[in-house]
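Heads up, the thing below is written out as structure tokens.
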Amino acid sequence: QVQLVESGGGLVQPGGSLRLSCAASGSGFRFYAMAWYRQAPGKQRELVAAISSGRNINYADSVKGRFTISRDNANNMVYLQMNSLKPEDTAAYCCNAEGEPGTRYSGSHYWGQGTQVTVSS
């Protein structure tokens with residue numbers, strides 16, 4: 001079992017920065033692919049950024065060059081550094097963990113409760 005707790009959201013002006021954190025508890029963190037998703041009111045949830053256990057990284061086109069995902073396996077943490085924020089980045093951001101195929105954690109899937117990011121002047 002893995003529990004995910006996000007923090008770091010808030011209100012920021014356009015052009016500003018925020019750093020989201022996701023703290024994971026439980027075993028096998030380094031065998032999970034981690035990701036950040038977001039969902040704005042009236043819109044579908046979308047993948048923002050993902051980092052595999054092997055540190056392969058993918059970003060949504062809309063955040064490339066502005067957001068950076070990273071992980072700290074020693075401390076069971078995942079981060080999302082968000083720069084040059086835009087009003088369209090406003091959403092609830094959730095942390096996701098998915099067990100990597102070929103590991104004992106394959107098929108396991110967990111979500112955090114989310115943290116709100118609001119970009120507004």
Side-chain angles (χ1 to χ4, degrees):
Q1 187 80 8
V2 172
Q3 291 186 324
L4 304 173
V5 179
E6 302 95 335
S7 62
L11 174 64
V12 63
Q13 292 187 341
S17 298
L18 282 175
R19 188 194 195 203
L20 304 184
S21 299
C22 174
S25 62
S27 63
F29 176 78
R30 65 189 180 99
F31 296 111
Y32 285 85
M34 302 299 298
W36 288 95
Y37 286 77
R38 68 185 180 186
Q39 187 166 20
K43 294 187 177 181
Q44 288 189 329
R45 184 170 60 196
E46 64 171 345
L47 175 67
V48 177
I51 182 168
S52 72
S53 60
R55 300 183 187 269
N56 292 315
I57 292 174
N58 289 297
Y59 295 102
D61 288 342
S62 59
V63 307
K64 283 180 181 177
R66 301 188 298 122
F67 290 11
T68 302
I69 189 171
S70 61
R71 66 188 296 162
D72 177 356
N73 287 346
N75 293 295
N76 289 9
M77 296 292 295
V78 181
Y79 304 100
L80 185 68
Q81 177 66 43
M82 305 186 295
N83 298 329
S84 302
L85 282 160
K86 305 174 181 180
E88 51 263 43
D89 294 316
T90 295
Y93 284 71
C94 289
C95 184
N96 169 269
E98 187 165 344
E100 292 276 20
T103 72
R104 61 186 290 190
Y105 305 98
S106 177
S108 299
H109 202 170
Y110 302 99
W111 290 94
Q113 291 193 331
T115 185
Q116 179 67 35
V117 171
T118 302
V119 185
S120 175
S121 55

* **Joint hydrophobic cluster, M77 plus F31, side-chain heavy atoms closer than 4.5 Å** => no

* So, for E100 and S52, which heavy atoms are closest and what is the spacing to 0.1 Å? -> OE2-CB, 3.4 Å

* Spacing of CD belonging to Q13 relative to OG belonging to S121, to within rounding of 0.5 Å -> 7.0 Å

* Residues in side-chain contact (heavy atoms from CB on, under 4.5 Å) contact with T90, at least two apart in sequence or another chain -> Q116, T118, V119

* Given S120 and L11, is the side-chain contact (heavy atoms from CB on, under 4.5 Å) satisfied, shown in steps? -> CA-CA 7 Å; S120 175; L11 174 64; 4.2 Å; yes

* To do: Tell me, please, which residues at least two apart from K64 pass salt bridge (charged side-chain N to carboxylate O under 4.0 Å, His left out).
  => D61

* Side chains of V63 and M82 in contact at under 4.5 Å (non-hydrogen atoms) -> no

* To do: Decide whether L47 and I69 are clustered together by the hydrophobic rule: side chain heavy atoms of Ile, Leu, Val, Met, Phe, Trp, Tyr closer than 4.5 Å, transitively.
  => no

* Asked: Restricting to pairs with a member in residues 34-46, which pass side chain to side chain donor-acceptor pair (under 3.5 Å), not counting sequence neighbours?
  -> R38-E46, R38-S62, R38-D89, R38-Y93

* Take Y32 and Y105 through the test ring pair (Phe, Tyr, Trp, His ring centres under 6.0 Å) and record every step on the way to the result. => CA-CA 7 Å; Y32 285 85; Y105 305 98; 5.3 Å; yes

* Structure fact -> All heavy atoms of A91 vs all of A40, minimum pair found to be CB-N, 3.9 Å

* Asked: What side chain to side chain donor-acceptor pair (under 3.5 Å) pairs are there with at least one residue in residues 75-85, not counting sequence neighbours?
  -> S17-N83, D72-N75, Q81-N83

Taking distance alone, no hydrogens or angles, what donor-acceptor pairs closer than 3.5 Å link side-chain atoms of residues 18-29 to residues at least two apart or in another chain?
none

* Asked: For the side-chain contact (heavy atoms from CB on, under 4.5 Å) test, which of L80, N96, L4 pairs with M34?
  -> L4

* **Hydrophobic cluster (4.5 angstrom, side-chain heavy atoms) - remaining members for V5** => none

* To do: Answer yes or no: is there a side-chain heavy-atom contact under 4.5 Å between N73 and R55?
  => yes

